[in-house]
Peer 1: 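My questions will all concern the structure given below.
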Amino acid sequence: MHDIKFIKTNPDEFDAGLTLRGLDPLAEKLLLKDEIRRKVITQSETLVAERNVLSKEIGMAMKHGKKDKAEELKQQVAKSKEEVTVLENKAKELIDDLNRDLMAIPNLPYADTPKGTDESDNEEIRTYGTIKQFDFTPKEHYELGENLGQMDFLTATKISGSRFVILRKNLARLERALSSFMLDTHIIEHELEEVQTPVIVNSSALYGTGQLPKFGEDLYKIENSDFWLIPTAEVSITNQFSNTIIDEEKLPIRMTALTQCFRSEAGSAGRDTKGMLRQHQFAKVEMVTLSKPSESDNELERMTGCAENILKKLDIPYRVVRLCTGDLGFSARKTYDIEVWLPGQNTYREISSCSTTGEFQARRMKARFRKKSEKNTEFVHTLNGSGIAIGRCLIAVMENYQQADGSIIVPEVLRPYMGGLEVIS
RNA sequence: GGAGGGGUGGCAGAGCGGUUGAAUGCACUGGUCUUGAAAACCAGCAAGGAUUAACGUCCUUCGAGGGUUCGAAUCCCUCCUCCUCCGCCA
């Protein structure tokens, strides 16, 4: 959420940020609303203050047995009561209205964000690994999986619908191996703290990280309740710190969690319908960091590095791109996507997205920190990134490690997690 | 699901209609004392908002939201949550 005080002191910077997003300037309109809001609050509070004084006088009068005086004062208060109620309601309305506006405005991209309209304008930062040349035509993951009889979309359709999958035997085990490998790497090498969080959250958590109010359509909601399925563990990990004041020494707090994620994929009908690239349910290892404002840029590099390290260890080629203004998510100020090479598709596909939101989410959820021996609190900065998506990583392993006979070599680092298995066939 | 009891400041814990934003203790910060530390003593110590050049003043908040009242942490209603016992259950 945006700080109206920031907008007040930096209207041009605010509008420039919106322009980067392809939005019309809003500062003037918001500041007008704010002015009215403050005026009404002042009016209302003046009256309430007067009432409070009179009420105390009534109390004193009662104490000293001056009943007549008390009655007289009561009359006075009663007169202003209606007026107070009207003003208070009006103030509340104006506050809510302004907050609604502020909640629906996306975060401001960093000024150096590459300009563009969609993912084709993203800027390649670096590439890693050598793209393997096959002496046969590499297959897509679903061909490989189905031929192995270990990836079953048809049966999944029967029990759930489209965009679900059933993995069997060693592919199921491979998915589990990937999860454990990633988590172990994060907690041991990268010193992230592992957490296990709920996958069902309430709407206030979704407001906190920015999925609501604008993107409810992309989420699954549980009927007759305020429960939603998380689209990413970012929601539950980050919101642990809502309405919390953290001691400065505890920062940065770097966490990781493995959860299932649930997305309705409204609006992506027809895209990636084959295979398990785009599912309604998928496992993902997520990373979330809370940091001091001064450290968040470095933390973003660190986090991206953690995700990259997973792919390095798996020895799968990838590239890192910086998202352009048109591709940047609602809450993000700066995002690196990591895209893995998929030989079957002969292209790079997103497997991780690491973002800093600055204080955007922290302000929404009131996650603050206090410096030692300082009175004031400040909002923390929050970062989130996939570290990495399990399902897509499974695809990447399958396609990059496939052999002519349709079997799949198990990457070295995963073998300890697969009981030493070297090939899935 | 049934019965009962709680939710108060960083923590513990009073208050149960009238200067109570909240006693007291611990923790924390500053000071006195001390060679230094401890102890002791003194002082400070909630968040958000409005206003102000600033000092300050004012408003709101005692789980959340409504209500009663001139006035609510204190009374009433609804919800959330925690604990104990019973039932059910992975």
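Note that these values count all heavy atoms, side chains included, but never hydrogens, waters or copies made by symmetry. Sequence lines set the chain letters: A, B, ... in the order given, protein chains first and strands last, and positions in each chain run from 1. None of these values were measured; they are calculated from a predicted model.
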Peer 1: Between A:L277 and A:Y142, does a side chain to side chain contact (heavy atoms under 4.5 Å, CB included) hold up when you go through it step by step?
Peer 2: CA-CA 9 Å; A:L277 196 75; A:Y142 52 87; over 6 Å; no

Peer 1: Whole Å only: how far is the CG atom of A:L87 from the P atom of B:C58?
Peer 2: 20 Å

Peer 1: If only atom types and distance count, is the side chain of A:R302 paired as donor or acceptor with the main-chain N or O of A:H190 below 3.5 Å?
Peer 2: yes

Peer 1: With rounding to the closest Å, how many angstrom separate the C1' atoms on B:U69 and B:C76?
Peer 2: 12 Å

Peer 1: So which nucleotide from B:G18, B:A50, B:C59 ends up closest to the side chain of A:I58?
Peer 2: B:G18

Peer 1: Can a donor-acceptor pair be found, under 3.5 Å and without considering hydrogens, that links the side chain of A:Q361 to the backbone of A:T209?
Peer 2: yes

Peer 1: Taking the minimum atom-to-atom distance to the side chain of A:T42, which one of B:A50, B:C70, B:A47 wins?
Peer 2: B:A50

Peer 1: Just how far, in rounded Å, is P of B:G71 from CD of A:E50?
Peer 2: 15 Å

Peer 1: Checking A:D297 against A:E301 for the side chain to side chain contact (heavy atoms under 4.5 Å, CB included) test, could you report, in this order, the C-alpha distance in whole Å, the side-chain angles of both residues, the deciding distance, and whether it holds?
Peer 2: CA-CA 7 Å; A:D297 285 343; A:E301 302 303 321; over 6 Å; no

Peer 1: Please report the distance separating the P of B:C75 from the corresponding atom of B:G17, rounded so that it comes out in whole Å.
Peer 2: 7 Å

Peer 1: Could you state the CD1-P distance from A:I41 to B:C59, rounded to the nearest angstrom?
Peer 2: 14 Å

Peer 1: Please measure how far the C1' atom in B:A14 lies from the corresponding atom in B:G4, and state the result in whole Å.
Peer 2: 24 Å

Peer 1: Rounded to whole Å, how long is the line connecting atom CD of A:E88 with atom C1' of B:C58?
Peer 2: 14 Å

Peer 1: For B:C59, does OP1 or OP2 lie under 4.0 Å from any side-chain N or O of A:R51?
Peer 2: no

Peer 1: Rounded to whole angstrom, note down the C1' distance from B:U19 over to B:U29.
Peer 2: 29 Å

Peer 1: Round to a whole Å and report the spacing from CG of A:N89 to P of B:U60.
Peer 2: 15 Å

Peer 1: Just checking, is any N or O donor in the side chain of A:D337 or A:S353 under 3.5 Å from an acceptor N or O on the other one?
Peer 2: yes

Peer 1: Who does B:U84 pair with, Watson-Crick or G-U, both distances under 3.5 Å?
Peer 2: B:A3

Peer 1: Nearest whole Å is fine: how far is B:G48 P from A:N99 CG?
Peer 2: 15 Å

Peer 1: Which of these nucleotides, B:A50, B:C59, B:C70, is closest to any side-chain atom of A:S55?
Peer 2: B:C70

Peer 1: Quick one: is A:R370 getting a side-chain N or O under 4.0 Å of the B:A47 phosphate, OP1 or OP2?
Peer 2: yes

Peer 1: Measuring only the P atom in each nucleotide, how far is B:C16 from B:A73? A whole number of Å is fine.
Peer 2: 14 Å

Peer 1: Once you apply the 3.5 Å cut-off to both distances, tell me the Watson-Crick or G-U wobble partner of B:U19, or none.
Peer 2: none

Peer 1: If the cut-off is 4.0 Å, is A:R368 near the phosphate of B:A47, judged by side-chain N/O to OP1 or OP2?
Peer 2: no

Peer 1: Do the side chains of A:H381 and A:F360 get nearer than 4.5 Å, heavy atoms only?
Peer 2: no

Peer 1: According to the Watson-Crick and G-U wobble definitions, with both distances under 3.5 Å, which nucleotide is paired to B:A46?
Peer 2: B:U61

Peer 1: Taking B:C80 as the reference, what is the distance to B:G10 when you measure between their C1' atoms (whole Å, please)?
Peer 2: 24 Å

Peer 1: Tell me yes or no: between the side chains of A:T382 and A:T357, is some donor less than 3.5 Å from an acceptor?
Peer 2: yes

Peer 1: Return the 5'-most residue of the pair A:V77, A:K5 with respect to RNA chain B, ranking by each residue's nearest nucleotide.
Peer 2: A:K5

Peer 1: Using a cut-off of strictly less than 4.0 Å, decide whether A:T377 has a side-chain nitrogen or oxygen near OP1 or OP2 of B:G48.
Peer 2: yes

Peer 1: Closest-nucleotide mapping onto RNA chain B: is A:V53 or A:G59 further toward the 5' terminus? I mean the 5' end.
Peer 2: A:G59

Peer 1: Just name whichever nucleotide pairs with B:C41, Watson-Crick or G-U, keeping both distances under 3.5 Å, else none.
Peer 2: B:G31

Peer 1: Using purine N1 to pyrimidine N3 plus N6-O4 or O6-N4 for Watson-Crick, or N1-O2 and O6-N3 for G-U wobble, each under 3.5 Å, what pairs with B:U69?
Peer 2: none

Peer 1: Closest approach to the side chain of A:K92, judged atom by atom: which nucleotide of B:C70, B:G66, B:A47 is it?
Peer 2: B:G66

Peer 1: Measure the distance from CG on A:N243 to P on B:U61 and round it to the nearest whole Å.
Peer 2: 17 Å

Peer 1: How far does the C1' atom of B:U52 sit from the matching atom of B:C58, given to the nearest Å?
Peer 2: 12 Å

Peer 1: Between B:C77 and B:G5, how far is it from one P atom to the other, in whole Å?
Peer 2: 13 Å

Peer 1: Please give, in whole Å, the distance from B:A47 P to A:R363 CZ?
Peer 2: 16 Å

Peer 1: Taking 4.0 Å as the cut-off, does a side-chain nitrogen or oxygen of A:N52 come that near to OP1 or OP2 on B:U60?
Peer 2: yes

